[in-house]
Number of protein chains: 2
Amino acid sequence: MIEYRNLRVALLGGGTVGAQVARLMLEQADEMASRVGASLELVGIAVRDVDAQRSVDLPHELFTTDAESLILGADIVIELMGGIEPARSYILLAINSGADVVTANKALLAEHGPELFAAADQVGAQLNYEAAVAGAIPIVRPLRDSLAGDRVKRILGIVNGTTNFILDRMDTEGDTLEQALAMATDLGYAEADPTADIGGYDAAQKAALLASLAFHTPVPLASVYREGITEVTPEQIASARKAGYVVKLLAICERLTDGTGQEGVSARVYPAMVHRSHPLASVHGANNAVFVEAESAGSLMFYGAGAGGVETASAVLGDLVSIARRHVVGGPGFAASNHAAMPILSINTVITRYVVTLEVTDATGVLATVAKVFSDHHVSLALVEQSMTPALPGTASRAAVSATTTLVIGTHEATEAALAATVRDLSTNHVVTGVTSVLRVEGV
Amino acid sequence: MIEYRNLRVALLGGGTVGAQVARLMLEQADEMASRVGASLELVGIAVRDVDAQRSVDLPHELFTTDAESLILGADIVIELMGGIEPARSYILLAINSGADVVTANKALLAEHGPELFAAADQVGAQLNYEAAVAGAIPIVRPLRDSLAGDRVKRILGIVNGTTNFILDRMDTEGDTLEQALAMATDLGYAEADPTADIGGYDAAQKAALLASLAFHTPVPLASVYREGITEVTPEQIASARKAGYVVKLLAICERLTDGTGQEGVSARVYPAMVHRSHPLASVHGANNAVFVEAESAGSLMFYGAGAGGVETASAVLGDLVSIARRHVVGGPGFAASNHAAMPILSINTVITRYVVTLEVTDATGVLATVAKVFSDHHVSLALVEQSMTPALPGTASRAAVSATTTLVIGTHEATEAALAATVRDLSTNHVVTGVTSVLRVEGV
């Protein structure tokens, strides 16, 4: 029987992920001890209500409402409470009392990452957060360590399982957004209030973390441009499908140069068309994937479950074992790498391709009028398709009263600023009765 | 201007990968120094012939034939010579003279990994080898660190780009093996002597490394069961395609239990049928992917370029930066994790599904005879398809002379031992004129 040194681990939060972490720590205690070279003792779980119902049966005596005492007696603190406060104060308390920290709190890191990393840095504490970026998918170490000798050019991430599930249902089953969301809620993929997911807020937090890691530059959440999937229509998805594309909510982190020659980074989230031959197009259901384009390594993709209690717990335990090993072998942890500190460029400087769908009056010269609006803003056209407006179900009267036609216009690469100005002018142009859809095309 | 401490880096080998590593170290010196917190000085490149033609233009004064002096003056040694000797002796010399080592030498690690890791362990040296396992795809850190709190159940890897290119051509273009191999050679994917690739030897080395990492158990190359793709026929690929499958050369590492209840690990390489809905099925061309099934994390996939000079160089430089950071911040490296030391089980204990194609005499009762052979070995049948032998191009005479029919038999799960015995008996059975094909089905 090997006698191991004992490391005291405090857990903050007893929710879905927390309960799984506790269960696995108890079940795999021997195995983890042999991997670490020290035993990992779960000394307590701080919760709001020690008598609340848990998803996993755990010893009652582990639970406490006194988080501060628990933290002060721990070598390693695992924060899985979520939210900004008191999570932020507890992590700072842990760091300043000599503990190392594992967290899965993306909201907190996206808002207060620099403050927390600086605090950890100052005392030589470790702050690991693999589970915060893409659930169970290992992405922090690959970006921070494996690609440390390379230059990341771009990241395209499907980092929110709920929205991927919804868009996938809309694509494969022809569901409406409402139908797909209802099913996601039934299956437990979506929260009672789905705003964080479908509004793109969760993806924006992850985009901020991914961009910070990839570009060694602090990227605050406020600088991430964000559009959710609430405006995505079955018609957009059907027309993308017809053209060989699929619509995905993408978190995009990109190194780019603006019009003045300034090099910087962009982080943004929006639904975009991805060609079906792209590896991201085959990411189905609630799965996540992070597609990385690096200067030397070329294209890499990391695929897996982006959420789920036990899946996320795997990433938390990986961080825990890494930290514990460092306790055993000594040496400081690795601080956040901010040496590059590149400027963060506005969404206006981003260059991509667009597909714009317009409803226009069906008259001679309309196409020329529309084309001129694009060319006035130096947006050049790659493709124009004109079709009679079909009588949509439930809109039978429409075909009778309106002599309109649908124009689908694909552009060459253009800046967001030029495209926005074009759309503004189109929407007030007398031949245009409506701008039905504007979708970006990514992954080319 | 920041003044950095200087780390002396020696490069052994000036081939495709070595030349790219040297180029990137020279071109990105400032960027890498700021990432590491120390400058990385390339002090020399040991080669056999200092005047040989290189794929990259590098300063002539860097080249030397005196590898030993170079090693003795270095803080970090990068070994990219390949082969067993003198690479092994040079790495041991580097370790024992106080240097850390990066290597991409899968043949050496698969044969002598335990010896080298033990040597590094003894003096606290670091030995990094990300580029040895799957080229540019970060897989060592995810398996070693990110999944350190999880249990890997199985790995299915497409780890050889040449054979994936060949099988993909056979599937998508209908090429024969010879045609596809010729094209791979033309494109530079295959060596002049392609045995290491198409014989499965390269994949077997990687399987040994993957299994050692995933199961914390030394898995010697000799214990890896290996079949190459040389026997794969266009007919097998066409019939797999018809059934919704694609044939891939897989490196499989699995935790399993044999008939006596003994838990152990298996590492094996063979061509197998993978269903088209499996993420591995969409890995095309010379790309590689490693599909990992873990107890908590679920299914993960790591995808990217498995070979190529500059791609592999990216992985080498990631290892270099990690090692150099450790020089700066102090603390020992991480040794190979061998605590589990599980037994390695024979291929005979492996359980999988099979598709067996037989040529049988076209007479009453044949199916019953064949079915009895399977049931005698307790191999149960999932599917039987019988079809008239088509007159193959160039074999017009065959249809005329033989009254045979083709039986395609899919089995339920069975052990390799039972299947091998079944096939042995089938091949000597009087109703069977030939066992045309035996393919395993994986990824279910």
Side-chain angles (χ1 to χ4, degrees), chain A residues 20 24-25 28 31-32 34-37 130 135-138 140-142 145-151 216 279 282-283 287 289 291-292 294-305 308 310-311 313-322 325-326 329-335 337 339-340, chain B residues 20 24-25 28 31-32 34-37 130 135-142 145-151 216 279 282-283 287 289 292 294-305 308 310-311 313-322 325-326 329-335 337 339-340:
Chain A
Q20 291 294 339
L24 290 165
M25 282 188 69
Q28 306 186 1
E31 196 165 334
M32 287 177 69
S34 73
R35 286 190 195 176
V36 171
E130 182 65 84
I137 306 173
V140 171
R141 285 178 187 81
D145 299 327
S146 310
L147 289 168
D150 206 330
R151 263 191 213 125
H216 311 279
S282 49
V283 177
N287 284 305
F291 189 83
V292 179
E295 210 165 276
S296 298
S299 296
L300 301 169
M301 192 169 84
F302 305 82
Y303 164 97
V310 69
E311 294 86 351
S314 168
V316 170
L317 290 177
D319 277 352
L320 173 64
V321 168
S322 292
R325 280 173 176 160
R326 203 60 60 80
V329 298
F334 182 71
S337 171
H339 65 81
Chain B
Q20 291 294 338
L24 289 166
M25 282 188 68
Q28 306 185 2
E31 196 165 334
M32 288 177 70
S34 73
R35 286 189 197 179
V36 171
E130 182 65 81
I137 305 174
I139 187 69
V140 172
R141 283 178 189 81
D145 299 326
S146 310
L147 289 168
D150 206 329
R151 265 191 212 122
H216 312 279
S282 49
V283 177
N287 285 304
V292 179
E295 212 165 274
S296 299
S299 296
L300 302 169
M301 191 169 86
F302 304 82
Y303 165 96
V310 70
E311 292 86 351
S314 167
V316 170
L317 290 177
D319 277 352
L320 173 63
V321 167
S322 292
R325 280 173 177 162
R326 204 59 61 82
V329 297
F334 182 72
S337 170
H339 64 82

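Owing to the predicted nature of the structure, the values given are computational and were not obtained by experimental measurement. Every chain is numbered from 1, with letters handed out A, B, ... down the list of sequences.
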Among [options], single out the residue with the greatest number of heavy-atom pairs under 4.5 Å to chain B.
options: A:Ile137, A:Asp150, A:Leu24, A:Val36; result: A:Asp150
options: A:Glu130, A:Gln28, A:Met32; result: A:Gln28
options: A:Leu147, A:Leu300, A:Val321; result: A:Leu300

Atom pair CZ/OG of A:Arg151 and B:Ser314 - distance to nearest 0.5 Å: 12.0 Å
Heavy-atom pair count under 4.5 Å with chain A, highest-scoring of B:Gly318, B:Ala148, B:Ala294, B:Gly304: B:Ala148
Single hit among B:Leu317, B:Val316, B:Val310 for side chain to side chain contact (heavy atoms under 4.5 Å, CB included) with A:Ser296: B:Val310
Region of [X] that comes under 4.5 Å of a non-hydrogen atom in chain A:
X: B:Ala305; result: both
X: B:Ile139; result: neither
X: B:Ser282; result: side chain
X: B:Gln20; result: neither

Heavy-atom closest contact (B:Ser146 atom, A:Arg141 atom, distance): OG-NH1, 3.3 Å
Side chain / backbone / both / neither for A:Ala297 at chain B, heavy atoms under 4.5 Å: both
